[in-house]
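All remarks here apply to the structure that follows.
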There are 2 protein chains.
Amino acid sequence: MPEAVRISPRGERTRQAILAAAERLFAERGFAETRLEDVADAVEIRRASIVYYFRDKRELYDAVLADVFAGLHERIETALLATGPLARRIPAAAAAWVDYVGERPSLARLLLREVADSGYRAGLARDGEPALLAHIQPFFALAARIVEEGEADPVLVRAHLDPVHVASSIAGATVFFVAAMPALLPGHGFEPLRPDQLAAHRHQILDLVHRLLGIPGPSVGTPRPRADASTDASTDGHGSR
Amino acid sequence: MPEAVRISPRGERTRQAILAAAERLFAERGFAETRLEDVADAVEIRRASIVYYFRDKRELYDAVLADVFAGLHERIETALLATGPLARRIPAAAAAWVDYVGERPSLARLLLREVADSGYRAGLARDGEPALLAHIQPFFALAARIVEEGEADPVLVRAHLDPVHVASSIAGATVFFVAAMPALLPGHGFEPLRPDQLAAHRHQILDLVHRLLGIPGPSVGTPRPRADASTDASTDGHGSR
DNA sequence: GTCTATAGAGAGATAGAC
DNA sequence: GTCTATCTCTCTATAGAC
């Protein structure tokens with residue numbers, strides 16, 4: 001249902017600014033705790049103007065989720081549908097996941113919240129449908145393709161794993177890594193988004209994936225998963241948002 | 001600061017009932033979305049009566065967190081301070097973690113939410129201090145003891161891992177496993193709390209821990225991490241809350 | 001201990017001017 | 001497109017009777 005609201009260049013900029021501000025605030029505070037007033041302030045417009053672009057708060061939130069998940073899907077899809085054996089494409093997809101979360105850490109918190117909300121309550125889109133599900137569906141379509149392909153792949157058959165189990169472990173580990181670190185070690189200078197620390201995490205995840213697939217991974221001879229604050233920042237300085 | 005409010009036997013029962021109902025609702029819906037009215041309804045009292053036991057909503061929430069985390073701490077502490085080599089106690093602690101989450105799944109969602117909230121916003125106790133931190137502190141004390149002990153332990157020294165990294169991966173994986181499964185596969189009969197599925201997850205986690213410690217784990221010769229809905233429920237029937 | 005009743009703040013939605 | 005003004009509802013917190 002493409003909203004028929006055509007938008008001028010200026011309007012498009014405003015719309016994007018609203019989306020960006022909302023993404024950050026919804027991620028940091030959650031749906032209920034986020035005030036439209038604060039979103040408006042961040043964009044330096046008035047609250048009522050938001051309604052011009054998004055019917056109501058829920059629609060704005062859904063637009064944010066759609067945006068964030070679409071970006072992720074694109075990355076994962078690219079990795080999974082590339083050429084080459086599954087045993088390479090699957091780790092590539094895991095790496096793409098980690099990198100995307102690093103670039104767009106809002107995703108980590110939004111996902112954390114959506115998962116926490118899931119199953120019961122009010123996290124429902126306008127039509128009373130669970131919000132997360134709609135945005136996750138494309139990933140299942142992807143997964144189904146891969147599983148099908150995997151049934152003819154000796155590596156996958158041998159590993160004989162439960163994709164949901166695997167995906168949920170990876171997702172949980174990364175999302176916790178990004179969001180929980182600064183939380184639990186305030187003042188320790190922890191920066192999970194710093195390129196070197198993110199790389200360490202990526203390494204750990206890849207290691208796990210390879211192990212689950214039962215194929216030799218990057219860990220061979222490289223015992224490096226150590227990422228405390230004392231790591232020398234010889235890489236560079238940015239990596240935050 | 002022990003509240004000086006002495007409570008009669010009847011009062012104690014009411015208090016516990018409020019705590020239990022609040023735990024479930026805060027976990028399912030989050031702090032902001034939970035109505036004290038709903039808590040009262042669940043206990044079959046009137047909203048105003050809650051105030052007799054808990055000054056306000058925030059205090060009730062903090063009491064819930066304190067209760068849940070205290071229970072966890074007890075389990076982990078027991079496992080970690082037992083006798084025997086660290087290489088056995090650490091996996092035991094991981095298993096205790098998984099089992100506790102299985103018994104008290106509220107913890108998974110509460111933790112998910114607290115982590116998502118962390119860093120920025122309003123998840124602050126009365127004194128303006130981050131809520132999570134206070135309840136997590138005892139775990140750090142524990143961790144510090146173990147790290148100190150580990151410095152003299154050849155196994156630990158060799159593995160040379162970052163405890164925070166490890167703990168966050170394990171926590172993330174389990175919590176996602178418990179909360180994300182039913183969310184992402186509604187209607188698939190997924191029951192992460194079912195004993196057999198929980199056992200499969202515990203196995204996966206232990207495997208990971210052993211691998212990280214660089215010692216032989218339970219995985220040797222037992223390729224069993226498969227936990228889809230088709231698993232025959234030959235164990236038993238309960239395991240839900 | 002538990003209740004009824006009410007006060008009071010907050011925040012989303014809407015109407016309509018510019 | 002963006003604003004001001006206002007309406008209305010929801011929910012917490014409080015006062016005080018039983």
Indicate yes or no: does Arg113(B) engage Asp117(A) in a salt bridge with an N to O separation below 4.0 Å. yes
In whole angstrom, give the distance that lies between atom CG of Asp41(A) and atom P of dG12(C). 12 Å
Roughly what angle, to 10°, lies between the helix axis at the start of the helix from dG1(C)-dC18(D) to dC18(C)-dG1(D) and the one at its end, five pairs per end? 10°
Figure out the CD/P separation between Glu33(B) and dA11(C), and round it to whole Å. 14 Å
Tyr53(A) OH to dA13(C) P, in whole Å, measures 18 Å
Give a yes/no answer on whether the side chain of Arg35(B) brings an N or O atom under 4.0 Å of OP1 or OP2 in dT10(D). no
Atom pair distance, as rounded to whole Å: CZ in Arg55(B) and P in dT12(D): 17 Å
Please determine, for the side chain of Thr14(B), which listed nucleotide (dG1(D), dT2(C), dT4(C)) has the closest atom? dT2(C)
Side-chain touch Val101(A)/Leu111(A), heavy atoms, less than 4.5 angstrom: no
Starting at atom CD1 of Ile50(A), determine the distance to atom P of dG1(D), rounded to an integer number of angstrom. 16 Å
Just how far, in rounded Å, is C1' of dA11(C) from CG of Leu25(A)? 15 Å
Phe54(B) CZ to dT14(D) P, straight-line distance once rounded to whole Å: 16 Å
When you get a sec, tell me which of dT4(C), dA13(D), dT2(C) is the closest nucleotide to the side chain of Ser49(B)? dT2(C)
Do the side-chain N or O atoms of Arg15(A) get closer than 4.0 angstrom to the phosphate oxygens (OP1, OP2) of dG1(D)? no
Quick check for you: among dA11(C), dA15(D), dT14(C), whose closest atom lies nearest to any side-chain atom of Ala48(B)? dA15(D)
Thinking salt bridges, do Arg194(B) and Asp196(B) make one under a 4.0 Å N-O criterion? yes
Please state how far atom CD1 in Ile18(B) lies from atom P in dC3(C), giving the value in whole angstrom units. 10 Å
Return the set of residues passing salt bridge (Lys or Arg N to Asp or Glu O under 4.0 Å) with Asp99(A) (not counting sequence neighbours), or none when no residue passes. Arg202(A)
Of the listed nucleotides (dG1(C), dA13(D), dC11(D)), which one gets closest to any side-chain atom of Leu36(B)? dA13(D)
Given dT14(D), dG1(D), dT2(C), the nucleotide with the shortest approach to the side chain of Tyr52(B): dT2(C)
Candidates dG1(C), dT4(D), dA13(C) - which lies nearest the side chain of Lys57(A): dA13(C)
Out of dA13(C), dC11(D), dT4(D), which has the shortest distance to the side chain of Asp56(A)? dA13(C)
Compare side-chain N and O positions of Arg46(A) against OP1 and OP2 of dA5(D) and report whether any pair is under 4.0 Å apart. no
Is there a donor-acceptor pair closer than 3.5 Å between any side-chain N or O of Arg55(A) and the backbone N or O of Tyr52(A)? no
Quiz item: Arg47(A) side-chain donor-acceptor pair to dG12(C) base, under 3.5 Å: yes
Side-chain touch Tyr53(A)/Leu19(A), heavy atoms, less than 4.5 angstrom: no
Taking side chain to side chain donor-acceptor pair (under 3.5 Å) as the cut-off, I'd like each qualifying pair that reaches into residues 168-185 of chain B, sequence neighbours left out, listed once. Gln204(A)-Ser169(B), Trp97(B)-Thr174(B), Thr174(B)-His201(B)
Option among Arg29(A), Arg47(A), Arg24(A) that satisfies the salt bridge (charged side-chain N to carboxylate O under 4.0 Å, His left out) test with Asp38(A): Arg29(A)
